[in-house]
Amino acid sequence: MTLEDWGWSPFFTEKMKPWEKSGYLPAKVIRAEKNYFRVWTLQGELTVRFAGKIRHKADSRVDLPVVGDWVMVEPQTGQRGIIHALLERKSSFSRNLPGRRKTKGQERVEQQVIAANVDLIFIVSGLDRDFNIRRIERYLTLVSSSGADAVVLLNKTDLCENPENCKARVEAISGNAPVHLFMAREAEQLDILFNYMQPGKTIALLGSSGVGKSTILNGMLGEERQKIGAVSQADGKGRHTTTHRELILFPDGGILMDNPGMRELHLWGDTDDLTESFSDIETLAADCKFTDCRHKTEPGCAVTKALETGNLSSERLVSYHKLKDELLNLKQQKK
Ligand code: GDP
Ligand code: ZN
């Protein structure tokens with residue numbers, strides 16, 4: 001196994017430069033517990049804690065390691081070690097912890113990073129009665145603000161009368177993200193996910209409860225376990241893994257993140273993130289009379305005009321406003 005198998009790239013080589021001569025090992029956090037971490041290094045898996053000084057230096061939870069992070073570890077005897085530094089993340093997923101801290105008597109939203117360095121997110125949505133295009137829109141915004149790429153999986157195709165129609169509606173709002181019709185209960189459909197897996201790339205699933213994420217994960221892990229079984233028999237050692245890892249390295253390359261925190265994600269980001277997920281509205285807005293147009297009651301608004309001509313649906317504009325208000329609100333609380 002190499003560092004690259006676990007997602008190492010020139011980006012991190014650059015970030016570890018200050019520690020090049022320290023003798024510390026680059027290590028990938030594969031599981032995070034309250035007081036210790038399980039990491040993978042070129043010298044094997046270690047159980048590590050972080051040096052007190054990191055905890056003191058950390059302004060907030062944002063600076064503490066999470067699953068997917070690369071850290072610099074000083075190895076110790078007995079497969080143990082100390083984390084001395086956290087390498088800058090390529091991407092990160094956060095959630096809000098409202099009211100955890102108070103500044104000047106005011107509640108402040110605190111950001112908690114729950115996963116780092118994910119490359120590709122499958123946004124899973126059910127095509128049953130829960131189908132909600134606005135929710136998919138929100139997840140797309142969230143993914144774009146994390147720095148990861150997105151693929152939309154429309155699951156439970158069997159429960160939908162006109163899946164192609166739903167797919168077309170999602171494609172109209174998904175920008176560059178591919179959209180697939182899916183049926184998690186059929187094992188061969190998992191190939192859609194496996195086709196996106198590449199050595200060193202980390203994928204994760206995101207979506208509301210009940211959409212089929214566990215069914216998909218179990219399906220993928222089931223296939224993986226069968227392969228690992230075959231490998232073990234071949235080398236005669238019959239090794240198997242018992243501890244739960246939140247990052248799973250697949251035999252054919254690729255890493256799957258199975259992180260419970262990802263299931264409870266809420267929106268975090270900036271108004272700029274809207275530019276990507278609502279590029280249609282932002283494009284229209286270029287023709288508004290006022291540069292600070294809110295697209296509500298302003299004269300000469302190209303966005304509200306598009307409503308009249310049918311170039312924009314009112315649902316989409318409503319969700320744009322809702323999301324924007326939420327993000328602005330968050331921004332004020334952050335100050
Ligand atoms: P999670 O909460 O997102 O992890 O969702 P689960 O994987 O637990 O799935 C919720 C329910 O949906 C379970 O009863 C699954 O069997 C069912 N389910 C998952 N995929 C499909 C599918 O493609 N079609 C149908 N009809 N049901 C599915
Ligand atoms: Zn306008």
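Predicted model only: the values in this text are computed from it and were never measured. Order of listing sets the numbers, starting from 1, for every ligand and every atom in it.
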Subject >> More than 12 heavy atoms of other groups within 6.0 Å of E161 CD >> reply: no

Original post:
What pair of heavy atoms forms the shortest contact from D119 to G200, and how long is it?
Top reply: OD2-O, 3.8 Å

Subject >> With S319, the side-chain hydrogen bond (donor to acceptor under 3.5 Å, both in side chains) member among R138, K324, E137 >> reply: E137

Original post:
Numbering the atoms of ligand 1 from 1, which are under 4.0 Å from a heavy atom of L159?
Top reply: 26 (N)

**OP:** Mind checking the CZ-CG spacing from F194 to L256? Nearest 0.5 Å is all I need.
**Re:** 8.5 Å

**OP:** Just jot down the ligand 1 atoms closer than 4.0 angstrom to any heavy atom of T215, in number order.
**Re:** 6 (P), 7 (O), 9 (O), 15 (C), 19 (C)

Original post:
Quick one: which ligand 1 atoms are inside 4.0 Å of a heavy atom on K213?
Top reply: 1 (P), 3 (O), 4 (O), 5 (O), 7 (O)

Original post:
Of all N/O/S atoms in H295, which lies nearest to the Zn ion (ligand 2)?
Top reply: ND1

**OP:** Looking only at distances, please establish whether an N/O atom of ligand 1 is found under 3.5 Å from an N/O atom of A184.
**Re:** yes

Original post:
So is F182 polar-close to ligand 1, meaning N/O to N/O under 3.5 Å?
Top reply: no

Subject >> Polar atom proximity, M183 to ligand 1 (N or O, under 3.5 Å) >> reply: no

Subject >> Side chain, backbone, both or neither: D158 near ligand 1, heavy atoms under 4.0 Å >> reply: side chain

**OP:** Determine, using the 4.5 Å side-chain heavy-atom cutoff (strictly less than), whether I123 and I133 are members of one ILVMFWY cluster.
**Re:** yes

**OP:** For the pair F50 and F37, name the ring-plane relationship: parallel under 30°, tilted 30 to 60°, perpendicular over 60°.
**Re:** tilted

**OP:** Angle at the Zn ion (ligand 2): provide the value between SG of C288 and SG of C293, rounding to 10 degrees.
**Re:** 120°

Subject >> Heavy atoms of other groups near K296 NZ, more than 12 under 6.0 Å >> reply: yes

Original post:
Going by the order shown, which atoms of ligand 1 are within less than 4.0 Å of some heavy atom of S214?
Top reply: 1 (P), 4 (O), 7 (O), 8 (O)

